[in-house]
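For this chain, numbers begin at 1 and follow the sequence in order.
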Amino acid sequence: MAESAESSKDYFVTTVNEDHATICWGCGLRLLLPTHAPVFKCGWCGAITSQNVNKTETKCLWGRRLQDRCFVTILSVFMLFLICGGVWAVHWFVFSVSYTFGIFHYILTAILAATTVSTFSLSAFRCAGTPPTLLWGSYPVVGKGDLENYTFCHYCVKPKSPRAHHCRSCGTCVLDMDHHCPFIGNCVGAANHRHFIAFLFSAVFSTIYISFISAYAGLHIWPPVKYRSLGHLNGSGRDLAIRAFKEVMLALVSSAVQLSARGLILVYLFVSSVPLQIGLSVLLWQQLCYIYEGKTYLSHLSSQGSGGDHIEEKGCQNIFRFFGCPYSIFRYLPTLRNSPKRHTK
């Protein structure tokens with residue numbers, strides 16, 4: 001009797017409800033859930049499984065790729081037009097000022113053009129970032145915690161790391177994905193984020209120089225502006241300002257009709273580069289703010305949706321780390337904070 005009582009304490013026979021049993025996709029272990037949990041985490045490998053997945057077919061993937069290729073082609077043609085048209089339009093002017101100014105203009109133009117085109121090509125045609133390949137699906141090959149917080153991508157049919165996001169336009173998972181940019185026809189991720197920031201810097205400086213040189217050259221070839229009755233305007237207040245504005249605009253349009261082909265191209269370069277540099281500057285500032293906060297655009301959206309539970313460390317060290325320098329430049333500068341205090345008697 002004592003022996004049977006002891007054995008009853010060591011072994012228990014229970015019935016398993018098949019509705020509450022599920023299999024972890026990461027290690028293949030059979031797990032028992034207390035309730036019908038839609039999302040659960042494996043206690044062995046750490047993989048997260050969602051049982052309520054509504055997978056939608058990406059039937060318009062080819063259409064999105066065609067749209068991205070069209071944007072890339074249009075942007076490439078526009079950049080070439082800015083470079084070639086700007087060189088042709090101001091060629092006579094820069095050397096008429098001085099030979100030194102002409103040489104300086106061509107050297108600076110070549111540097112800006114080469115930097116802009118190269119960084120654009122690297123950000124557009126380089127892989128945005130491939131998540132690491134891990135073994136999964138079998139308990140003997142998956143160690144404890146090897147798939148911590150990993151989820152399963154039902155589009156790529158493979159594990160997706162917490163730092164990866166699936167892009168439906170590219171049809172693949174991207175590591176540290178920031179956003180999908182249609183103008184480069186590619187995602188901005190871990191592998192090309194630096195090139196994208198460098199492209200924004202180069203494009204902003206290039207458009208600033210284009211607007212400056214086109215305005216400077218255009219003022220020298222602009223026909224004389226003739227006002228008809230600007231000095232004889234009568235009235236006061238708002239009506240006078242409106243009539244004066246109309247007179248000035250009419251005089252500018254009348255003189256613009258007499259512009260040559262070079263002058264028209266200079267006007268187009270100035271008008272197109274000013275709003276472009278404003279938009280690129282805003283985008284560059286937004287990207288630098290996210291890098292300073294240690295986030296990407298998608299992680300910023302997810303943190304807002306979750307109420308800001310995840311707190312990242314802000315600081316300039318994130319910017320230095322992003323551009324490949326693990327330490328801040330202030331580490332190499334002498335500091336007075338740690339120096340001994342001097343007392344004068």
[X] side chain to [Y] main-chain N or O, any donor-acceptor pair under 3.5 Å?
X      : Y      : value
Trp25  : Ala47  : no
Ser138 : Val141 : no
Arg64  : Arg168 : yes
Gln277 : Ile208 : yes
Thr116 : Leu112 : yes

Tell me, with the steps shown, if Cys181 and Phe196 meet side-chain contact (heavy atoms from CB on, under 4.5 Å). CA-CA 10 Å; Cys181 182; Phe196 182 73; 4.2 Å; yes
Does any donor atom in the side chain of Thr119 or Ser202 lie under 3.5 Å from an acceptor atom in the other side chain? no
Under a plain distance cut-off of 3.5 Å, with no hydrogens placed, do Asn186 and His180 share a side-chain donor-acceptor pair? no
Tell me whether [X] shares a hydrophobic cluster with [Y], the cluster being built from Ile, Leu, Val, Met, Phe, Trp, Tyr side chains joined at under 4.5 Å.
X      : Y      : value
Leu122 : Val204 : no
Leu66  : Val77  : no
Val271 : Leu264 : yes
Ile210 : Ile83  : no
Val117 : Ile184 : no

Can you measure from [atom1] ([X]) to [atom2] ([Y]) and round to the nearest 0.5 angstrom?
X      : Y      : atom1 : atom2 : answer
Ser98  : His105 : OG    : NE2   : 12.0 Å
Ile197 : Leu284 : CD1   : CG    : 6.0 Å
Trp62  : Arg65  : CH2   : CZ    : 12.5 Å
Met177 : Thr296 : CE    : OG1   : 9.0 Å
Ser281 : Leu200 : OG    : CG    : 9.5 Å
Asn192 : Asp178 : CG    : CG    : 9.5 Å

Of all residues at least two apart in sequence or in a different chain, which pass the salt bridge (Lys or Arg N to Asp or Glu O under 4.0 Å) check with Arg163? Asp176
Not counting sequence neighbours, which residues clear salt bridge (Lys or Arg N to Asp or Glu O under 4.0 Å) with Lys41? List them please. Glu148
Shortest non-hydrogen separation from [X] to [Y] and the atoms involved:
X      : Y      : answer
Cys27  : Cys42  : SG-SG, 3.7 Å
Leu280 : Ala203 : CD1-CB, 3.6 Å
His166 : Gly171 : CE1-C, 3.8 Å
Gly86  : Leu269 : CA-CD1, 3.6 Å
Asp68  : Gly185 : CB-CA, 3.6 Å
Gly294 : Asn318 : N-ND2, 3.5 Å

Hey, what's the ring geometry for Phe212 with Tyr209, parallel, tilted or perpendicular (30° and 60° as the breaks)? tilted
Looking at [X] versus [Y], is the centre-to-centre ring distance below 6.0 Å?
X      : Y      : result
Phe322 : Tyr292 : no
His165 : Tyr297 : no
Phe199 : His195 : no

More than 12 heavy atoms of other residues, nucleotides or ligands under 6.0 Å from CZ of Phe205: is that the case? no
Within 6.0 Å of CZ in Phe78, more than 12 heavy atoms from elsewhere: yes
Output, in order, the C-alpha distance, side-chain angles, deciding distance and verdict of side chain to side chain donor-acceptor pair (under 3.5 Å) for Ser121 and Ser118. CA-CA 5 Å; Ser121 302; Ser118 61; over 6 Å; no
Per side chain to side chain contact (heavy atoms under 4.5 Å, CB included), Leu147 is matched among Leu135, Ile48, Leu134 by Leu134
Apart from Trp285 itself, what residues make up its hydrophobic cluster when side-chain heavy atoms of I, L, V, M, F, W and Y under 4.5 Å apart count as a link, directly or indirectly? none
Check whether any side-chain heavy atom of Pro159 lies under 4.5 Å from a side-chain heavy atom of Cys153, and answer yes or no. no
Test side-chain contact (heavy atoms from CB on, under 4.5 Å) applied to Phe183 and Ile74, step by step: CA-CA 9 Å; Phe183 295 102; Ile74 293 173; over 6 Å; no
Among all residues two or more places apart in sequence or in another chain, which pass the side chain to side chain contact (heavy atoms under 4.5 Å, CB included) test with Ile107? Ile103, Ile111
Pro162: partners by side chain to side chain contact (heavy atoms under 4.5 Å, CB included), with sequence neighbours left out: Asn149, Tyr150
Using distance only, find each side-chain donor-acceptor pair of residues 87-94 under 3.5 Å and give its atom names and separation, not counting sequence neighbours.
residue	atom	partner	partner atom	Å
His91	ND1	Tyr106	OH	2.6
Trp92	NE1	Ala89	O	2.8

For Tyr268 and Phe81: C-alpha separation, side-chain torsions, deciding distance, then whether ring-ring contact (aromatic ring centres under 6.0 Å, His included) applies. CA-CA 11 Å; Tyr268 174 77; Phe81 175 77; 5.6 Å; yes
Does the side-chain contact (heavy atoms from CB on, under 4.5 Å) test come out yes or no for Phe125 and Val72, once each step is laid out? CA-CA 10 Å; Phe125 303 109; Val72 171; 4.2 Å; yes
Test log, rule side-chain contact (heavy atoms from CB on, under 4.5 Å), inputs Gln287 and His179: CA-CA 11 Å; Gln287 288 287 310; His179 68 285; 3.9 Å; yes
